[in-house]
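What follows is a single structure, written as structure tokens, with notes after it.
Worth saying up front: this structure is predicted, and the values here are computed from it rather than measured. Order of listing sets the numbers, starting from 1, for every ligand and every atom in it.
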Amino acid sequence: MLKTRSCGELNAEDVGSRVTLAGWVDRRRDHGGLIFIDLRDREGVVQVVFNPELSTQCHEVASQVRSEYVVRVSGEVARRPPGTENTKLPTGEVEVIADDVEILNQSKTPPFYINEDAEVEESLRLKYRYLDLRRERMKQNLLLRHRAVKFMRDFLDARGFIEIETPILIKSTPEGARDYLVPSRVYPGKFYALPQSPQQLKQLLMVAGMERYFQIAKCFRDEDTRADRQPEFTQLDLEMSFIEKEDILNLMEELFISLVEALKIGKRVTKPFLRLTYADAMERYGTDKPDLRFGLEIADLTDIAVQTDFSVFRSAIAQGGEVKGICAPGQLGLTRHQLEEMRQVAQTAGARGLLTISLGDTGGSLSDLTMDMVKSVAAKFLSLDQVRSMAERLGAKPGDILLIVADKPEVASTTLGELRREIGRRFKLADPDMLAFAYVCDFPLLRWDGELGRWQSEHHPFTAPRPEDMPLLDTAPEKVRGEHYDLVCNGYEVGGGSLRIHVAELQRKVFRLLGYSDADSAERFGHLLEAFEYGAPPHGGIAIGIDRLVMLLAGEETIREVIAFPKNQSAVDMTFNAPSPVAREQLAELHLRVEEE
Ligand code: ASP
């Protein structure tokens, strides 16, 4: 080894010992006589002192080094002179008195400061990712990710799971996105697909009798780049045989509660995990991935609204719509400008409009409310009683503002869901140190795709229908609930899974409902259907998005902050500059020709 110890591990106990360190120059301070170098390696930073009276040669070398030079230093660990300790630094009680130094490599001036957590444009960070990762915050994120994944592996190993790798070059597996394709050189015109997840492979492993499988699996989905997605991402993927839904839910709950405790990151977890049905989540929070760190629940006001003289309400209801609202507490003090922004949010979410009713502040209760305290464009069409009933239903008091949407039921719900999220975000209603995990269950098995004119799987085609809903498959498919569960946390879906179909005939039936002919299913899923004929055990599983989970654990805003080499928001790898053109010969070998634009 070029070094005997790590910079960051030195402390008072090492005083008097001789060490050789190697790392990067975090900072150099020249105090005329003495030169101080903060030397950094992965474990941290320690101060190194170069005294010209001790060694002119060392002092001379130290005067040449610049930030990010790679150096090797030997010397004795000494206690810092009283009054010069740095309590902010774990090594702050000591310093190394250098008597030997060697420059291992030089560095150009980096395009941004490594030793500061300053805001740097993301494209620059991604281009120089290897420098960005030298920064403390990013290093901590990668360490946290490592510790989290290691914990998962050990946890599952201790419970009889075995880690099995599955191939990356396979055949299309439907998870609702486009596949990435890999052309075959050997078989002209044929393609492998990169797995959207190891779904069918893990099911085959259950047929193979593995009983408990897991994998830290790469998944590939060619989706339109929107929000915070990556073309490739990592899942904790697992599957179990001979289990019930509760077994999986409990296992994951135990995993995450113990994970967060073990990581010691100062976050609290809601225990036990909350449970919501899909219908409940949509009804109360307007989304299937609610942030449960704050209340602000949606309530249905249709029965009150229908009695008013407000034509917007009445016509929406007459057309089969609903009137729903949430209450923005008075202490949030929404300014007129903010209300305008809320209106924008509502419009973007697809609502025709947003009605606001502010209840003037009397400091008293709702019974003190009078009509001249009520401010709203609809005020003259509402009676005091009607305003009071709506306020009561939304848990409002004088001083609060009611936000109301009258629209098609799904539009009203999702719009209020968006407004709720926006208010929560802007007014910081959510405790940043809390992880509010919840399971959302009882999703519909199928969703009608109006554009394609056929049923789509809500989860994926391998999800089992709820046994009691089975007869509805023939009569009312929209009413069939799936044995599907999502794990959500703080407004994000962090995972999802289901009990699976393990009987070929039922699987064929679901494929038929999804519009595949028997010949189609045989061609695409023949391997699975056939496997089910050879004693497939009942099984189920789940997959957790590791990027998203670590993002939440790290308190970061995007998954790019917890991925070593992410693509940017346009799916471009800025470090390698991929995708990129390839040579004509390479294309020819693959039997491909690129059409000129
Ligand atoms: N393969 C599923 C997914 O990627 C997870 C599962 O059902 O286990 O969402």
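Residue S197 places at least one N or O, backbone or side chain, under 3.5 Å from an N or O of ligand 1. Distances between N or O atoms of Q199 and those of ligand 1 include at least one value under 3.5 Å.
Here H460 contributes atom NE2 and H484 contributes atom NE2; the two are 8.0 Å apart, rounded to the nearest 0.5 Å.
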Step by step, work out the side-chain hydrogen bond (donor to acceptor under 3.5 Å, both in side chains) result for Y213 and D237.
CA-CA 8 Å; Y213 140 95; D237 189 45; 2.8 Å; yes
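Residue contacts with ligand 1, taken as heavy atom pairs separated by less than 4.0 Å, do not involve T463 at all.
A salt bridge does not link D431 with R293: every distance from a Lys NZ or Arg NE/NH1/NH2 to an Asp or Glu carboxylate oxygen is 4.0 Å or more. Taking a cutoff of 4.0 Å between a charged side-chain nitrogen and a carboxylate oxygen, R343 and E422 do not qualify as a salt bridge.
The K202 neighbourhood of ligand 1 comprises atoms 6 (C), 8 (O), with distances under 4.0 Å to a heavy atom of that residue. Each of the following atoms of ligand 1 lies closer than 4.0 Å to a heavy atom of A543: 5 (C), 8 (O). The atoms of ligand 1 that sit less than 4.0 Å from any heavy atom of I542 are 8 (O).
D573 places no side-chain N or O within donor-acceptor distance of the main-chain N or O of A578, the cut-off being under 3.5 Å.
Residue-ligand proximity: Q235 is placed with a non-hydrogen atom under 4.0 Å from ligand 1.
Across H460, R221, R500, H459, heavy-atom proximity to atom 4 (O) of ligand 1 is greatest for R221.
Side chain to side chain, K324 and S413 meet the donor-acceptor criterion of an N or O pair below 3.5 Å.
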